[in-house]
Q: 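One structure coming up, written as structure tokens, with questions to follow.
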There are 2 protein chains.
Amino acid sequence: MRAGDGARSYAIGLDYGTASARAVAVDTETGAELATSVYPYPGGTGGVLADPADANLARQEPQDYVDALESTLAGVVAELAGQGALEEGSVVGIGVATTGSTPLPLDVAGRPLALDPQFADDPAAKAWLWKDHTSYAEAAEITALLEERDLPYLGYVGGTYSSEWFWAKILHCSRTAPDVFAAAASWCELSDLVPALATGAGLDMKRNACAAGHKAMFSHLWGGLPAASFLAELAPELADLRGRLYDDVQPASERAGLLRADLAARVGLDGREVAVAVGTFDAHAGAVAGGVRPGRLVKIMGTSTCDCTVTSETEPRPIPGVCGVVQDSVLPGLVGVEAGQSAVGDLFDWFTRTLAPAAFAGPDAHEKLSRAAEALPPGASGLVALDWNNGNRTVLVDPLLSGLIVGQTLATTPPEIYRALVEATAYGARVIVEQIEQYSLPIDDVVVSGSIAQSGLAMQVYADVLGRPVRLARSGNASAAGAAIFAAVAGGAHPDAERAQAAMGGVSEVVYRPRPDAVRAYERLYRLYTRLHDAFGRPGGELSGVMKELFEIRAGSFA
Amino acid sequence: MRAGDGARSYAIGLDYGTASARAVAVDTETGAELATSVYPYPGGTGGVLADPADANLARQEPQDYVDALESTLAGVVAELAGQGALEEGSVVGIGVATTGSTPLPLDVAGRPLALDPQFADDPAAKAWLWKDHTSYAEAAEITALLEERDLPYLGYVGGTYSSEWFWAKILHCSRTAPDVFAAAASWCELSDLVPALATGAGLDMKRNACAAGHKAMFSHLWGGLPAASFLAELAPELADLRGRLYDDVQPASERAGLLRADLAARVGLDGREVAVAVGTFDAHAGAVAGGVRPGRLVKIMGTSTCDCTVTSETEPRPIPGVCGVVQDSVLPGLVGVEAGQSAVGDLFDWFTRTLAPAAFAGPDAHEKLSRAAEALPPGASGLVALDWNNGNRTVLVDPLLSGLIVGQTLATTPPEIYRALVEATAYGARVIVEQIEQYSLPIDDVVVSGSIAQSGLAMQVYADVLGRPVRLARSGNASAAGAAIFAAVAGGAHPDAERAQAAMGGVSEVVYRPRPDAVRAYERLYRLYTRLHDAFGRPGGELSGVMKELFEIRAGSFA
């Protein structure tokens, strides 16, 4: 399986996150992580360019992406060299996982338009970070037009087009920054850009199936990107752009090209032939590292949560409310299924940051609250909450839902509320599992990676609420580790992703098992959660208008 | 109007609260409060005898009542003497307002049974403080039997008999402490006991219309106390006790008797003839001091809230869900109407004590939160809450309801939540006003006394939500001031309560007026509140079982 005769080989996984990029060098045989290098983006605050006048705006500086590539590669190569590892083996490949949908305009050379001095100060020429919501009106317009035209595209992306996604952002750019739009030779996702920067592919860059399928509504079911006639109804220039985008996509195990010789020299890989894999999204790569396979759901749990599984069905079938069902988007040859929750760690952070009294505050607020909350039997708080403080991504797909907590007495304590919020996210996770299962994809076990995996409280609650064992992913850098798995395939160290995954990824020995008493208590509480979920969240629910009217009143109060 | 020729006269109002008793000496002509004396009950914690094994138990030490009488009278008399006031005028009367329903067993001399050394250590022989809930099962039994027998009594006390009330407590005593019950020659309310202690009336004590009508279901509509046949169905010994209770009741402006000579001598009123008025409940006396009259609702707002108004209808008419509609219970000759909210100040205290982060905590937590909350326009929080953390007294009469808050985002702040809780209590207050108005008693303005009257935030929110001017009562000791008004009538300084009230009570110059923009915003929010109120709180509401099931699950979680 390994390159060379008995020699070791290494794959480098790159993870372009929201605040920084990270490279991890992984042994392709053992999965051991030998070296790590992190590059915090200098642009903006925490890597994000904001606009004080528009809370919806979130961009990134493409120059940071260029610099991160060289810096992190040089960092891990130097560390490998320092360990003497480069003498014992070779770097066979580089894989790329990034945030998304994070589209950006390109110039005729296939470089980010923002690198052109003419556009250096124009936010529209920057990368439109996943959490940029400036194009909410365009997203609604796309959804409405797709419904009106009865086009099938939305069925595979959850039923509602999001303001976070590719076409909405580009349409918004065409309307609000027409000079940028006109100057763009093409657009790509960050997950396409990084391999292109590494290989020097320019506009011939390979496009990844993951971003294309989940965000640009690309599918072979309808011959690729959405029809030009549909795009023209949104804006004639979008139909024109379609011809300058792409007709084909590749899974992340494919080789995008070889590392540019000049870059290889600068990062300490002079004269070596290093494969660069096609890109993918961070959560999807993390799922691969977590051992995703049919019947297993991998949850990447951080500020928000992304859930992935795969099915060996012959072609994608829509699952209502589930953000994406896309061929090859997780593992090549399988249909990827992606869902998510809009606030998980963010919800716990909101509570500790905003509502924790002195006794539970401070840098160890989560530990103190968790310790006290762990001592409570399930149901002892008398509370049930809805986990919608940042809206609901799956299965209601409604950003205008909000939080709710019910059952407070005059004796309700902060650990009780904290536990209720953890439980609420677990109930939300169960709704997703049940929705996927209802569409005939049984989920037998659950693997978690990301920062929340470190919370014993959360993991035990999830096991009890889901009624399934919850395992922890082996890697603490799951997205980078997943990118390294694809790098190993692209570099020839393994013949396919499944075998690379078996060698390099998978779960740790930690397992949280459902406790029968807790499972019983949570059955009752989950039924109460679903009553509230349906009453407040589903169109036609008894109280479905309440949260939206509160948003409306709030908006009006500042008018 | 005044006793003596041109000389001043004073009335002393006694207010027996939960933690202490207070006496206030008031000028009968001007209403000026000249002297105050407070006696914190030494018994128990904060004046309350608790049982660590039973959170429902709350009793008081009758000896504390005896000692408080002498101590507080002596205190105000000494203060009057020190001011030279006793030389310029005379103390014409003493009035009494107390908590209730706070029943206690009496010996054959009409003294509290607890003063007998044989019962000195028996909690059942103590006073059963208003917030004692040990008799919840008996209360439910009384309600059920009244419904089954289709008896009219409940209609005038809100439709549900409470565990806080007279018969439930005595029935519980008869079952759990039969020796105490057997030894009791009679039972009385604290509001009957204090005048009896002051006059030496013994078992011949006069009984007050307020406690009898609101708590013991006494009404001339059915010939006094509930029928012996009904009481016998609960327990034969209750029917027997009925004969040792009372056939008649008096309004608080009546004279109960004259201050005992020995007590007068000990408190510095040697040789003077001082009338003692019949007792009443603290909130009702407070309403009188606040200028209650037909069309005016007086709210005594502290940890919980008691609302009173009066109507000149010829006889009481039931108002569904309103705790009491009783002849003579507030002002003699008028029908008193009493409603209440179970948690107001307690709700705000719960938040500051439990959930306020360091920046908003400390002794001035309420001020800091109020200042920040006042800066928010109505509706700006996007929140609406239900004020049921301690159940709902009026109009749902359901102690098993609990709190709810909806609309939280990841940006929701403590002042926003604090304001939402203040608003929730104001919506609850509006439900009460609308229920009273629906039964043809228009409410034109609202007067507030009690600690919450000092909150400018709360008062403005109440004016805006109620759409009515909110005035503050003149006295900061409204219950004692109301008792002094009755003392002045009993002592002959005024011919009737209305004229005493006009001279001594009423409102201050502070008025909070509804602001039209805020009124409009709160109209919409109040509609959302009533949707939640009805969905969660009314039998048959879409989500009516949710809070009760949470209580059930909580109870089960400790089993």
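Residue numbers begin at 1 in each chain, while the letters A, B, ... track the order of the sequences.
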Q: For chain A, find which of B:Ala385, B:Gly382, B:Pro378 contributes the most heavy-atom pairs closer than 4.5 angstrom.
A: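 Greatest number of close heavy-atom pairs with chain A: B:Gly382.
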Q: Just verifying a value: how many Å separate B:Glu542 CD and A:Arg531 CZ, rounded to the nearest 0.5 Å?
A: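 Here the rounded value is 9.5 Å.
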Q: Can B:Glu552 and A:Arg524 be counted as an ion pair, charged N to O under 4.0 angstrom?
A: yes
Q: Which region of A:Phe351, side chain (C-beta onward) or backbone (N, CA, C, O), has a non-hydrogen atom less than 4.5 Å from a non-hydrogen atom of chain B, or is it both or neither?
A: side chain
Q: Please examine the side chains of B:Val406 and A:Val406, heavy atoms only from C-beta on, and report whether any two atoms are closer than 4.5 Å.
A: no
Q: Evaluate B:Phe536 against A:Leu543 for side-chain contact (heavy atoms from CB on, under 4.5 Å), listing each step before the verdict.
A: CA-CA 11 Å; B:Phe536 283 92; A:Leu543 295 165; 4.1 Å; yes
Q: What option among A:Ser402, A:Ala411, A:Gly403 has the most heavy-atom pairs under 4.5 Å with chain B?
A: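 Top option by heavy-atom pairs under 4.5 Å: A:Gly403.
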Q: If I measure from the heavy atoms of chain B, does A:Leu528 come under 4.5 Å with its side chain, its backbone, both, or neither?
A: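 The side chain, not the backbone.
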Q: Taking every heavy-atom pair that is under 4.5 Å apart, which of B:Leu347, B:Thr412, B:Asn390, B:Asp346 has the most such pairs with chain A?
A: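 Sorted descending by pairs with chain A, the first entry is B:Thr412.
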Q: Can you tell me which of A:Thr354, A:Leu532, A:Leu410, A:Val384 forms the most heavy-atom pairs within a distance under 4.5 Å of chain B?
A: A:Leu410
Q: Out of B:Gly407, B:Gly545, B:Ala359, B:Gly391, return the one with the most heavy atom pairs under 4.5 angstrom to chain A.
A: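 Maximum pair count with chain A is reached by B:Gly407.
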Q: Pick one of side chain, backbone, both or neither for B:Pro414, based on which atoms fall under 4.5 Å of a heavy atom in chain A.
A: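 B:Pro414 touches chain A through backbone and side-chain heavy atoms alike.
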Q: At a 4.5 Å cut-off on heavy atoms, which part of A:Ala343 comes close to chain B: side chain, backbone, both, or neither?
A: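 A:Ala343 touches chain B through side-chain heavy atoms alone.
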Q: Using non-hydrogen atoms and a 4.5 Å limit, figure out which bit of B:Ala535 sits close to chain A: side chain, backbone, both or neither.
A: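 The side chain, not the backbone.
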Q: So does A:Tyr136 have more than 12 non-hydrogen atoms from other groups sitting under 6.0 Å from OH?
A: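 No, the 6.0 Å shell around OH holds no more than 12 heavy atoms from other groups.
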Q: Given heavy-atom pairs under 4.5 angstrom as the criterion, report whether the side chain, backbone, both or neither of B:Phe360 touches chain A.
A: neither
Q: Any side-chain heavy atom of B:Trp388 within less than 4.5 Å of one from A:Thr409?
A: no
Q: Using heavy-atom distances under 4.5 Å, tell me whether A:Leu525 contacts chain B through its side chain, its backbone, both, or neither.
A: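 Both backbone and side chain.
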Q: Side chain, backbone, both or neither: which part of B:Leu355 has a heavy atom under 4.5 Å from chain A?
A: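 When you check distances to chain A, atoms from both the backbone and side chain of B:Leu355 fall under 4.5 Å.
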Q: Set out, in order, the CA-CA distance, both residues' side-chain angles and the distance that settles side-chain contact (heavy atoms from CB on, under 4.5 Å) for B:Trp350 and A:Gln408, then state yes or no.
A: CA-CA 10 Å; B:Trp350 166 72; A:Gln408 299 94 318; 4.1 Å; yes
Q: Going by heavy atoms in the side chains, are B:Ile553 and A:Tyr522 under 4.5 Å from each other?
A: no
